[in-house]
Each structure stands twice: as structure tokens, then as C-alpha cells.
Amino acid sequence: MRYLVTSALPYANGGVHIGHLAGVYIPSDIYTRYLRLRGEEVIHVCGSDEHGVPITLKAKKEGVSPQAIVDRYNTIIKDSFEKFGIAFDIYSRTSSATHAQTASDFFRHLYEKGEFVEQVSEQYFDPEASQFLADRYITGDCPKCGAPGAYGDQCEKCGSTLSPLELKNPKSMISGAVPVLKETRHWYLPLDKHEAFLRQWILEEHKEWKPNVYGQCKSWLDGGLMPRAVSRDLDWGIPVPVEGAQGKVLYVWFDAPIGYISATKDLTPEWEKYWKDPSTKMIHFIGKDNIVFHCIVFPAMLRAHGGYNLPENVPANEFLNLEGDKISTSRGWAVWLDEYLVDFPNQQDVLRYALCASAPETKDNDFTWRDFQQRNNSELVAIFGNFVNRALVLTAKYFDNKVPSASVLSRADSDTLAQIGVQRKAVEHNIETYHFREALFEVMNIARLGNKYLTENEPWKTIKTDPERTGVVLNVALQIVASMAIAAEPFLPFTADKILSMIGVKSFAWGDLGRNDLLAPGHPLGQAELLFSKIEDEQIEAQIAKLQAIKAAALEASQPAAQIVAPLAAPQKEIITYDDFAKLDLRVGKVLRCEKVEKSDKLLKFTIDTGLDERTIVSGVAGNFTPEELVGRNVTVLMNLAPRKLRGVESQGMLLFAGDPAGEEFTNLAPDKELKAGTAIS
RNA sequence: GGCGAGGUAGCUCAGCUGGUUAGAGCGCAUGAUUCAUAAUCAUGAGGUCGCCGGAUCAUGCCCGGCUCUCGCUACCA
């Protein structure tokens, strides 16, 4: 069987932290190491995702080129992975020449096949910098919480998702100018065209996918797929390879997964057999935020292109938290791999172990330093390290550090050895079904078995009465140690290597696991050393203090910002003529009825007596008024605004209010005195 | 708001086509042991299986409602 394993491309605007490792790279690394050890044909590809708006923003902020940013982080990321033994066959990057060509060809192919639809839409444009603005390039006041500095796609203060058009006082982050709406043409991948196929492929043929993955796909498919834009107005990325597309690049989510293909091309000229030969199984390891792209969008792209395999499975993990809070690169709330290695040199496997044992496989999980310490001290040191050490030290002491012979095995001896085979099956089954936490537990059970075996057979006692029996027991114990070296390799590669050198063996294959003749009688052992060492309370307290400092710094930084929130009058808008004003038909109206719009948070549906007619007007003020509050009151109505449907209800005008809907001061704009409906306002 | 996933012992998690006293590891307690990094081995104490209601002879597991966490995704003229 041939396998192509991909790991989510890390975004090159920061380093790698424990969340990345636990969610994606440790599982994928375990999986590939296991397959390699079995002798399967497998490659593991990854690389940096180097396009997209956040990188251009960071570059602008630092006054350097985007390329400089991605060069910096690509180096850091690559280095972290190498040091932690994440054994990619290639770690590439999406700013490479191969990738530019591959992604460009891919787009071109779809374009020529007529797989895209073109559409013109209105987007914010910066008139001073004369360029279109990506959502992230627009900042303004959050329409929900009122905080300044919200981005066009999200407010980091209250966390709500936004669209640039909703921002109050929008400003271009490039020039500071007020953006204007302008038409722009983009290419869309009509996902709806592939919906029937995806339904069948995922919902019928891949019921074995993890519940979170399957559930999310089902949710998307049931909701109906829509065309998705695959281009952007931006100058950092892969140019859209079509005539008349100046200033447009491939959307980063279109370009990134193609990065898996270009990485494979960079690795081997035989890349096509990994992508196109139906006997190859492709597995995407990702985090839960990427599910839709890997299960819906990318497969649709591959299928639209034709000739490519679709993934066999997409084992997405949930998220890892850190000491009770969400990990955040921008807030600095993370444990970075490079920093970890400074504080815990040569202890990569401890972190690999702790993260795998508490991996967020079925739900979000919390990484705590106490848990990390406990995993090390009472599992790695006490169970695993201690067992190996016991077997080796006893052999050195009683048998001159050579493997003693095992002439006659007792029933207990064979049962113990047979049990390793049972553990092996359990490990295999769990790895193959992506249950790495459980698989690791079963590996540890082999060490538990070893400890129990030694305690029950007491070689330190029999040496006085029956040295030959002691030899047999230690022989068996050493076979278990050898098996541990094999079983641990996918999970704890550094430790496995250490054991191999301690028992004087170059390498084993997975198939050797559980054999009772891995170490022949008389085989000389190497120098015994401790596999793991205890982590003291002080070390853990130092790490916790480090995090507390980050939190304190973040809090301080947010204080002055909060003061600037003080209400600033919005700048005056552009001068208009009297004629412009005269176009507005404003009248006094009276609220006859008012109710909440179903399935909506903020919308109220008003029935207004305008003097002319009774009309329905929808307004987003449910957060400010209860429906009853305004009934019978005068309101100011803009009569001649083009009707528009909101949540399925047609609004035939607009009601005027004063204030910031998210703020405390917000009021209905009505005449001083009760007036008849229909009274003109001028 | 809609949708998805999750809410099981102090901690991390199993469990499920509904079927006798709900399991494991760590932690904790007691005992055994001393080869080993005060490690190990045995035994035990810990649970109204998020809350409320329903269907069933029987439910952690099915149905309805609610609630909390995380993710995806909207309306705001």
C-alpha cells in the first residue's frame, strides 16, 4: 500500500507552539513513522503557507517586505519541526517557484475547462492608495461592542465575525483614507456544482470519518453549497494567470492546499503516483478550523481539475488550550517550541509524550504545566524509564552486561511475552484508526507489563539461589526492553534511539515487535543511562510564572487602549448640495405594531403609519428596544429608500435613530411634540 | 441566530445496535517490596454519567426542551 500523508501548512507569521504540535504534527508524525517502520511506501509532506493578508499586514507594520517576513518564520518553523523530530520527507513553502507554477497551472486548467464562474461585486477601495482593500486591511469601530480597531472580518475585542460593510467609521489601514465601494471582478468555484458528488462521497462512502469532521461536512452539505471566490485583490500571492487580471492573486485558501502538490513535486519527480494513482491513500492531518477546506473545497478543486485522488481520511483534531485559556499567537499566550527547548534541553520526547497523551482528539483539551510534570515524573520516569533501567542495571550487575541465555521458559515467561503481541495489536489498531492517545497508552502498558514481571519474578532474590533462573528472567525483561524500543519509536523517537544504542542494536522493524529473540544470548549491551529525568517543582513554577507575566503584560497593554475609547466625534462627511438633500423624503410616522423578526438577533419588524400608507420597515435595533416600547410613538421615516429584503422580510424604508447602537446612548429620533403621521420633515 | 462537536470519578479519557453492582491511567489511602531515578507491585476509597421532562420491562447511551464550552456560519436599510 502507498500513502501520501499531508500535515496542515503552518502559516508563516509566527512560530510553532504546542497547539500546532498536539493537534496536527505529532499525530501525523506518529502515523508516518509507524507506516515507515512497517515498511510501507509513504511520504509525509508539509510546508509553510506564505501568502495572504496577515503576512502583508505584518510586513507593513515592521516596514519590511512580505518575503522577509515569510523567510524569517519559515526558517523558525522548519527548525522547530526538525528539532522535535517531526520527520517530513519534505518541508516546502508556497512562495517557491515550483508552487507558483503548480498553482498557476492548476488555476489555468480549471479556467480553461470552464470550471469557474466570474462575478462582479462591490468592495471597499482605498482611493488614496488606489487599491482594493482586503477585509483585514479595513479597520473601524465594531458594530457589536463598539470597540475601535476592529478588522473588516472580525472584532478581536468581542470576537464576533464581521463583514467590512458593517464597520462603523471604516478606515483603510494602508493610507488611513475612508474607503469607497467600487466594483471588482472575481473568479468563483461553484461548489454547488459538486454538491451531489460530495454528498455521496462523504456522507455515504466515508461514514467512518471522525464525528466532528463528518458532522461539519454534513452541516455544510445540508445547508447547500455556494460558489466561493478563489481570487483576491492583493499584490502578495500568486497572480491570477488570466488576461485582464492585473492586481489579482489566487485566494490563499485556493493556493495553500495546492502547496501539498508542489511540495510533493519538489520531493520527487514521481509525484504523480502519489496524487493520481488510485492505489495511493491520501490522509490530511489538520485542525478543526480547516475541516471545510480539506473536505469540501479542496476535494471540489481536485475533482474539477480531474485526474487526482481524493483524501481517504481527514483526521481533524480539536484545539488545545493552555492553562485554561485559548492559545493565541497575537497575545503571546503559547508555549513556543524554540523556547521550550531552551528551558528543557533534549527533552523533546517529554513534550511529545505529554501532548500525545492529552491530545485534543475528541474535544478541546487543556495543557497545564502540572499535567506535563506529572506525565513525566509518574509515567515516563516511574514506569517507562524505571523499567528499562531496572532490566539493564540488573544485567550489568549479574551478567557482566551481556544478554543471559533463556534455556527453559516458564508458563509465566511465555504468557508475558505473548502479552506483548496483544499490546502490539492494540497499538496497531489504534494508530490505524487515528486514536493516538489510546495507542500511546497501550505502548506504556508494555512497560507496565515489564515492571510487573520483574516484581513477580524477583531476579534480585533468585540470584542467590538459582542464578540460571535469574538469567531467564533478565533475558525476558531485555526482550521486553527491545520491544519497547520498537513500540516507542513512532511516539518517542529520541527515546527509541537511546534504547537502541543502550542495547547495542542498530534498528528493528515493526514486525519484530513482540519477538522473544530480539537479543541473542551473549549479546553485549551498551552503556546504560537514564531515559528520563525528574522535573522539579521549581522548573514548573518558573514556567507558570512566565505565563503569568505574559498575562500581566497583556492586561497592562489593554488598559491605555481602553481609555482612548472615549467618544470621538466622527469626522464630517463630504459636502452635499441642497439638491442631494432634497432627494430624501423624510416624514413623521407612527408605529402601529412592532415584533421581533424570527431567527434574528437584532432585527425588529415595524408596521408604520406614514400618513400615505401602512408599510413594513425592518430595523436592527432589537438590542436597544423591546418591541412594545415604541408602539404608538412617533418615528422619523425615510420614505424613498429602495426596498430591501432582510431575513426574508421586505423593508420599505428606514427609521432614524440617534447614537451608537452598541453604545449606551441610543434613542429614537422623533419630534418634540406628538405630530400627525405623514407630517413632512424638511 | 443557525449548524456541528463536546459536557462520564480530583485530573486526562474509555464506554454505547439501550440489558446484571458504569471502566482505565494519573492523583489519593492502605499493605507488600527494596533490583531501580523514594521508583515498583497488590488492594481500596472516589461518580444523582451537564439540567429537566418523555418513550421503554430496562437507558450515560433513544426522543423533546434547557444550559455551558469550542468550532463553522449569518442578518443588522
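Below, read A as the first sequence line, B as the second, and so on, with proteins coming before strands; counting in each chain starts at 1. Small disclaimer: the values here were computed from a predicted structure and weren't measured.
- Near RNA chain B, defined here as any heavy-atom distance below 4.0 Å, the residues from residues 445-455 of chain A are A/Arg448, A/Asn451, A/Lys452, A/Thr455, listed numerically.
- For A/Ser483, there are no side-chain hydrogen bond (donor to acceptor under 3.5 Å, both in side chains) partners two or more places apart in sequence or in a different chain.
- For A/Phe367, the ring pair (Phe, Tyr, Trp, His ring centres under 6.0 Å) partners two or more places apart in sequence, or in a different chain, are A/Trp369.
- Going from atom CH2 of A/Trp220 over to atom P of B/C3 covers 16 Å, rounded to whole Å.
- One can find a donor-acceptor pair under 3.5 Å joining the base of B/C35 and the side-chain atoms of A/Arg390.
- Proximity of residues 375-382 of chain A to RNA chain B (heavy atom under 4.0 angstrom from any strand atom) is restricted to A/Arg375, A/Ser378, A/Glu379, A/Val381, A/Ala382.
- Looking at the side chain of A/Asn386, the nearest of the listed nucleotides B/C35, B/U40, B/G4 is B/U40.
- For residues 467-485 of chain A, every residue pair satisfying the salt bridge (Lys or Arg N to Asp or Glu O under 4.0 Å) rule, not counting sequence neighbours, is listed here: A/Asp413-A/Arg469.
- Looking at residues two or more places apart in sequence or on another chain, you find a side-chain hydrogen bond (donor to acceptor under 3.5 Å, both in side chains) between A/Arg375 and A/Ser358, A/Glu379.
- Within the structure, salt bridge (Lys or Arg N to Asp or Glu O under 4.0 Å) contacts touching residues 215-228 of chain A (residues at least two apart or in different chains) are A/Arg199-A/Asp222, A/Lys218-A/Asp222.
- Relative to the side chain of A/Asn389, the nucleotides B/U8, B/U37, B/U33 differ in distance, and B/U37 lies closest.
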Under 3.5 Å, N/O pairs linking protein and nucleotides 64-69 of chain B:
none

Go ahead and write out RNA chain B as dot-bracket, 5' to 3': ( ) for pairs within the strand, [ ] for ones crossing earlier pairs, | when the partner sits on another strand, dots for unpaired; Watson-Crick or G-U wobble, both distances under 3.5 Å. (((((((..((((.....[...)))).(((((.......))))).....(((((..]....))))))))))))....

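- For A/Lys498, the side chain to side chain contact (heavy atoms under 4.5 Å, CB included) criterion is met by A/Glu529, A/Leu531, not counting sequence neighbours.
- Under the rule for a side-chain hydrogen bond (donor to acceptor under 3.5 Å, both in side chains), the partners of A/Glu318 that lie at least two apart in sequence or sit in another chain are A/Asn212, A/Lys288.
- Here A/Trp220 pairs with nothing under the ring pair (Phe, Tyr, Trp, His ring centres under 6.0 Å) rule; sequence neighbours left out.
- Rounded to a whole Å, the CG atom of A/Asn430 is 14 Å from the C1' atom of B/G15.
- Distance from the side chain of A/Phe319 is smallest for B/G71 among the nucleotides B/A14, B/C35, B/G71.
- If you take NZ of A/Lys534 and P of B/A38, they are 7 Å apart, rounded to a whole angstrom.
- B/G25 atom P lies 12 Å from atom CD of A/Gln423, rounded to whole Å.
- Here the P atom of nucleotide B/G4 and the CG atom of A/Leu203 are 12 Å apart, to the nearest Å.
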